[in-house]
Amino acid sequence: FAYDWSRELATCNPDYYRWEQWFFTQLYEKGLVYRATAVVNWDPVDQTVLANEQVIEGCGWRSGAPVERREIPQWFLRITAYADELLEELDRMDEWPEAVKTMQRNWIGRSQGLQIRFALSDGSGQLEVFTTRPDTLLGATYMAVAPEHPLAVAAAARDPAVAELLEACKRQSTSEAIMETMEKRGLSLGITVDHPLSGAPLPVWVANFVLISYGTGAVMSVPAHDQRDYEFAQRHALPIRQVVRPADGSVIDVEREAYTEHGILINSGEFDGLDFELAFDAIAQRLEAQGRATRRTQYRLRDWLVSRQRYWGCPIPVLYDENGTVVPESAERLPVVLPEEINWAGVNSPLRSMPAFLQATLPDGRPARRETDTFDTFFESSWYFTRFTCADSTTAMVDARADYWMPVDIYIGGIEHAVLHLLYARFFHKAMRDAGLVKSDEPFKRLLTQGMVCKETYFRAGVNGRKQYFNPEQVEVVLDAKGRAVSARAKADNLPVIIGPVEKMSKSKNNGVDPQTLIARYGADTVRLYTMFAAPPDQSLEWSDSAVEGQYRFLKSLWRQVTDHVANSAPADPGGMSEALKALRRHIHETIVKVSDDISRRYKFNTAIAAVMELLNHLSRMNIDTAAAHAVRQEGLDTVVLLLAPIVPHITAVLWQALGHSDDLSVAAWPTADALALTRDEVEMVVQVNGRKRAVVSVPASADKAACEAIALADENVQRFVTGKAMHKIIVVPGKLVNVVVGE
RNA sequence: GCCCGGGUGGCGGAACUGGUAGACGCAGCGGACUUAAAAUCCGCCGAUCGCAAGGUCGUGCCGGUUCGAUUCCGGCUCCGGGCACCA
């Protein structure tokens, strides 16, 4: 395995991004690209769009001014057109971790439900809601709409209190995490709808936690059977009406908490006694017959917003004519190159005030204005791996070589990419497939999600609540007797810094640690070995270099044993295969089996290394008094070198030559276990009495169940615990364990 | 708030399909070698009772299933990741 640097590419190079501009125009032709308004965080002082990360406690990170929600036109990719395929394909992706597949399933969030139209009581129109629980329809006691919903906007014109709430909502973040955790606020709009079954009037409220972007931006509220509706009803003294009881007859109290499980309908007239499925169908049929509802599949997944109002990036290849009509750039005029001779003035993209970029002509020669938004960088990272297969292609985005290499055999990345990057990349690949560019359905056959490498953060509070982060190398940490950090100071000024939580290493938190210092001190092999030994790759890890010394010692010991071995020739006494030598050879071959499995199947490099360490410890205690012993040690050292080669390639390459091999280690064959060497005459069995370990006995490998029982019961300590007690049964797990179950 | 992980000695971790909890390593303690130090080698190293043999407790907390639970189930708690403009 090696890096083929001839395929190296940079996604900021026009030779690369011209193809995603081209592909974007292809998707536009197919209707998979559209322009629509979307809400952004707007800094009213800097007059710029902010990322969620740049909003600190509701204020812009530079200006400190309260951020506003603002709707602007932006470009979207229709990933929802692929929602079903992205979801269903997951069932066949058996080399992906379950956790990632579960996260993607939940992110796509397909649900079957009913879209119900409630008539406004004053006859002025209707209110549409989507629900996955039509069985609870008769438990609906009020309606709730998003602040951006037309009914809320209309009510604001009549009611200053509603207007004020809507104004407050305009200042809330676009981040879902913040919206979900903020104080739940709401007001009655002073209007009602008619319940489609009972005809009862239900008040319509506006609530700041109803999302305009999900479903219809309105919900029917069933406080008895939805916890959030319950909390809102409690707070605003709205009625709670139970319409479902547990199927198992257990007692619940919906005045205390919502009962959200499926159950049997009550208080629902003719639908009483039906279970979830029957009630869903019966109520859906009734409303559909009356034209008041439609069955619908709803997704949580939203279309991919690819517009960014930033300078650094790939320009979106679109022109607007004098009427503002969209005209995609023609293929022969691509790429639209991002100008690098720019004039920075203020915080906004310089493209917006750059006539040479803005003023363009349409392919037919008419004057036009150029789009100044650039692509989300996830766009670049969604297909670079496919471009690696034919990075030198100047005539096509990808060519036939892509089908030789793709899909990627194993893709390795951090778990933090479980949904966004990995879902965008899957979508992009399918879109490329449907454009005839690749044949495979999925980009990544096997996925290994690395755990994150985490590290303590250090900071001082800065202006506007924006933290000033310090790198661990700039900080002196004071530890207590147990090795816990109690305080920290910046080396530069010797003043205290705050010790923050342990978080994934990132530029924004400045908590990355460069391994170069360790490499300079111990060499690359030791650092590689240590990194592999610290934890399995899929596990998160708090970086600490305190244990690296042990790996250094291990490699020194290996070096010494090999050099000692080759410096001494074999003893004259030929000797024979003693029991001890047989046991050692068995250990050598058991280690081959273990390490091969750990590296190729389990991806547990830490236990592979531990097994090699045990073998080397065993070899170091050998007494080399015969030629046979010398030969076994040669076999053992050869094996250790071969097994470690992928992890510490430099040292092992030298030792391999030292051990007398003329071939190069990098082309040497992986060792295979000798089945004969693996055989055992005796095995150890644990003897338990009532599940507690009382002895470990040695039994012949060929012993049957009765023989194992007899040997187990003959043990002195086992006898102490079974004598005088009624023996109920004996469980024998062949080759492993005997459990004697006795009475008290 | 929602979704996904995780919590095991002083520390990193092991126990792969319900079958010996703590492999391997770090740190620590004791010893050998040395004028001394480094390096190296040997021994100890979860808590507790016991002279010992051995016993009891112990895998975040509470409860359950099982002959047997770090592993399975229910409920909590704390930590990490993601929540669509950090990438």
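Throughout, protein chains are lettered first and strands after them, A, B, ... in sequence-line order, and every chain is numbered starting at 1. Both backbone and side-chain heavy atoms feed into the values below; hydrogens, waters and symmetry mates do not. All figures in this text were calculated on a predicted structure; none of them were measured in a lab.
The distance from atom CG of A/N717 to atom P of B/U20 is 18 Å, rounded to the nearest whole Å. Atom pair A/D229:CG and B/G1:C1' shows a separation of 14 Å (rounding to whole Å applied). Rounding to whole angstrom units, CD of residue A/Q227 and P of B/G1 are separated by 12 Å. When rounded to the nearest whole Å, the span between CD1 of A/I647 and P of B/G25 equals 15 Å. Taking atom CZ of A/R553 as the reference point, atom P of B/A38 lies 12 Å away to the nearest angstrom. The distance from atom CG of A/N606 to atom P of B/G25 is 13 Å, rounded to the nearest whole Å. Computed from coordinates, the A/D564 CG to B/C41 P distance equals 11 Å when rounded to whole Å. Rounded to a whole Å, the CZ atom of A/R694 is 16 Å from the P atom of B/A53.
Residue-level contact check: A/T181 touches the bases, meaning some heavy atom is under 4.0 Å from a base atom. Contact annotation for A/F721: backbone-only contact, meaning every heavy-atom pair under 4.0 Å involves sugar-phosphate atoms and none involves a base. Nucleic acid contact for A/K594: base, since at least one base atom lies under 4.0 Å from a heavy atom of the residue. Within the 4.0 angstrom heavy-atom criterion, no nucleotide atom of any strand lies near A/K604. Residue-level contact check: A/K736 touches the backbone only, with heavy atoms under 4.0 Å from sugar-phosphate atoms and none from bases. The residue A/D598 sits apart from the nucleic acid: no heavy atom pair falls under 4.0 Å.
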**Message:** One pair to check against ring-ring contact (aromatic ring centres under 6.0 Å, His included): A/Y411 and A/F385. What are the steps and the verdict?
**Reply:** CA-CA 9 Å; A/Y411 194 62; A/F385 36 84; 5.8 Å; yes
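Ring pair A/F76/A/Y34 is parallel by interplanar angle, where below 30° counts as parallel and above 60° as perpendicular. A perpendicular orientation is assigned to the rings of A/H417 and A/H421, their planes being inclined by more than 60° (bins at 30° and 60°). The aromatic rings of A/Y259 and A/H225 sit perpendicular, their planes meeting at an angle over 60°, well past the 30° parallel limit.
Of the candidate nucleotides B/A14, B/A15, B/G25, B/A15 has the atom nearest to the side chain of A/R602. Of the listed nucleotides (B/U40, B/G1, B/G25), B/G25 has the atom at the smallest distance from the side chain of A/M613. Comparing B/G12, B/A39, B/A15 against the side chain of A/A534 picks out B/G12 as the nearest. The listed nucleotides are B/A23, B/A27, B/G13; the one nearest the side chain of A/E549 is B/A27.
Pairing partner, B/U56: B/A47, with both Watson-Crick or wobble hydrogen-bond distances short of 3.5 Å. Summarising the base pairing, B/G18 is matched to no nucleotide, lacking a Watson-Crick or G-U wobble pair whose two defining distances lie under 3.5 Å. The pairing partner recorded for B/U65 is none, the criterion being a Watson-Crick or G-U wobble arrangement whose two distances lie under 3.5 angstrom. Applying the Watson-Crick and G-U wobble criteria (two distances, each under 3.5 Å), B/G80 pairs with B/C4. With both pairing distances under 3.5 Å, B/C24 is matched to B/G12 as a Watson-Crick or G-U wobble pair.
Comparing the P positions of B/G50 and B/A38 gives a spacing of 38 Å, expressed to the nearest Å. Between the P atoms of B/C11 and B/A27, the separation comes to 15 Å (whole Å). Spacing of C1' atoms, B/G25 relative to B/G13, comes out at 8 Å, to the nearest Å. Here the separation of B/G43 from B/G7, taken at their C1' atoms, is 33 Å to the nearest Å. To the nearest whole angstrom, the two P atoms, one in B/A15 and one in B/U48, are 28 Å apart. B/C73 and B/A69: their P atoms are spaced 16 Å apart (whole Å). For B/U70 and B/C62, the P atoms lie 14 Å apart once the distance is rounded to whole Å. The P atoms of B/A37 and B/A32 are separated by 12 Å, rounded to the nearest whole Å.
Nearest-nucleotide positions on RNA chain B for A/K556 and A/A547 put A/A547 closer to the 5' end. Where A/K693 and A/N106 each meet RNA chain B at their nearest nucleotide, the meeting point lying more 5' is that of A/N106.
Within the structure, every side-chain polar atom (N or O) of A/R105 is placed at least 4.0 Å from both OP1 and OP2 of B/C4. For the OP1/OP2 pair of B/G13 and a distance below 4.0 Å, the side-chain nitrogens and oxygens of A/Q539 include at least one atom meeting the criterion. The phosphate of B/G25 has OP1 or OP2 within less than 4.0 Å of a side-chain N or O from A/N617.
Because its glycosidic torsion is more than 90° from 0, B/G75 is reported here as anti.
In this structure, A/F379 has its ring center under 6.0 Å from that of A/W304.
A donor-acceptor contact closer than 3.5 angstrom is absent between the side chains of A/S221 and A/D226.
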**Complete:** Expected string for nucleotides 81-87 of chain B under the B/S/- scheme (protein heavy atoms, under 4.0 Å, primed atoms plus P, OP1, OP2 as sugar-phosphate) is BSBBBBB
**Protein proximity profile, nucleotides 66-77 of chain B - base contact B, sugar-phosphate-only contact S, no contact -, cut-off 4.0 Å on heavy atoms** = -BS---------
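When the shell of 6.0 Å around CZ of A/R602 is examined, it contains more than 12 heavy atoms from other residues, nucleotides or ligands. The number of heavy-atom neighbours closer than 6.0 Å to NZ of A/K736, taken from other residues, nucleotides and ligands shown, is 12 or below.
Between A/S382 and the choices A/F375, A/Y424, A/F427, the side-chain contact (heavy atoms from CB on, under 4.5 Å) rule is met once, by A/Y424.
Among residues two or more places apart in sequence or in another chain, the side chain to side chain donor-acceptor pair (under 3.5 Å) test is passed with A/T723 by A/Q719.
In this structure, A/R694 satisfies the cation-pi test against A/F721, with its NZ or CZ atom closer than 6.0 Å to the six-membered ring centre and inside 45 degrees of the ring normal. Geometric assessment of A/R69 against the ring of A/W42 yields a negative cation-pi assignment under the 6.0 Å and 45° thresholds.
Atoms CG and CG, on A/L558 and A/L644 in that order, are 6.5 Å from each other to the nearest 0.5 Å.
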